[in-house]
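Structure first, commentary second.
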Amino acid sequence: MACRSGPAAGTACRSHRKHDVFHGHAELDYAQGLLYTEAGHHKAAVPFLRAALAHQDRTYGRNRALYRLTLARSLVQAGEADEGACEAVGSLEHLTEVESGRVVRRLVEVRGLLEGIDAASARESVDALTEYVR
């Protein structure tokens, strides 16, 4: 917000936040989740990434896959490997619609995180993600 004050201007505030109009809830929640993730606050990122996924338009398969894989990454990093593995495998349904290097890189990143987890769900998801990448 830019505020002007003084006798000639009165007190008027106007928004310079054009991105509020352009971006929807999904993009804003996703950005906030990424900020928490980059700061290493993975548990704090999870609710924002869940909200971003919930608000994401179902017609954008690439974005849904990317958002879901980003949520999976944060869940694994927050110590929720089973849930992260489930989200990672669930993202594969959206990948049948798209070819995206960015999404594949995120998938490989999540697969790498899950490879370090000693749990049946993590091993199963690694197998499914590896099969997709081939």
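All heavy atoms count here, side chains included; hydrogens, waters and symmetry mates do not. Position 1 is the first residue of the sequence, and the numbers go up from there.
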For the residue pair Glu93 and Gly90, what are the closest heavy atoms and their distance? CG-O, 3.2 Å
Thr37 side chain near Gln77 side chain, heavy-atom distance below 4.5 Å: yes
Heavy-atom pair of closest approach, residues Leu129 and Leu107: O-CD2, 3.8 Å
Hydrophobic cluster membership, with links at side-chain heavy-atom distances under 4.5 Å among I/L/V/M/F/W/Y: are Tyr30 and Leu35 in one? no
Shortest non-hydrogen separation from Asp82 to Ala119 and the atoms involved: OD1-CB, 4.2 Å
Please name the pair of heavy atoms, one in His42 and one in Ser74, separated by the smallest distance, quoted to 0.1 Å. CB-O, 3.7 Å
Spatial distance of atom CZ (Arg50) from atom CD (Glu87) [nearest 0.5 Å]: 6.5 Å
So, the side chain of Ser91 versus the backbone of Ala88: is there a donor-acceptor pair under 3.5 Å, distance only? yes
What do the steps show when you test Arg102 against Arg62 for side chain to side chain contact (heavy atoms under 4.5 Å, CB included), and what is the final call? CA-CA 9 Å; Arg102 185 174 171 198; Arg62 183 191 71 89; 3.7 Å; yes
With sequence neighbours left out, write down each residue that passes ring pair (Phe, Tyr, Trp, His ring centres under 6.0 Å) with His41, or none if nothing qualifies. none
Can you hop from Tyr67 to Val104 via hydrophobic side chains spaced under 4.5 Å? yes
May I have the step-by-step check of side chain to side chain contact (heavy atoms under 4.5 Å, CB included) for Leu49 and Leu75, ending in yes or no? CA-CA 10 Å; Leu49 296 172; Leu75 285 164; over 6 Å; no
Under 3.5 Å: donor-acceptor pair, side chain of Glu27, backbone of Gly24: yes
Applying salt bridge (charged side-chain N to carboxylate O under 4.0 Å, His left out), which residue pairs with at least one partner in residues 104-116 are found, sequence neighbours left out? Arg73-Glu109, Arg106-Glu109
Out of curiosity, does Leu66 fall in the hydrophobic cluster containing Leu95 (side-chain heavy atoms, cut-off under 4.5 Å, transitive links)? yes
How close do Leu114 and Ser125 get, counting heavy atoms only, and between which atoms? CD1-OG, 3.2 Å
Out of curiosity, does Tyr132 fall in the hydrophobic cluster containing Val110 (side-chain heavy atoms, cut-off under 4.5 Å, transitive links)? yes
Would Leu53 and Asp29 satisfy side chain to side chain contact (heavy atoms under 4.5 Å, CB included), going step by step from the backbone distance to the final call? CA-CA 9 Å; Leu53 185 59; Asp29 286 335; over 6 Å; no
Linked, directly or transitively: Leu113 and Leu34 (ILVMFWY side chains, under 4.5 Å): yes
Between Gln56 and His94, is there a side-chain heavy-atom distance shorter than 4.5 Å? no
Tell me, with the steps shown, if Arg123 and Asp118 meet side chain to side chain contact (heavy atoms under 4.5 Å, CB included). CA-CA 7 Å; Arg123 287 188 294 276; Asp118 185 24; 2.8 Å; yes
Closest non-hydrogen atom pair between Ala128 and Leu92, with its separation: O-CD1, 3.9 Å
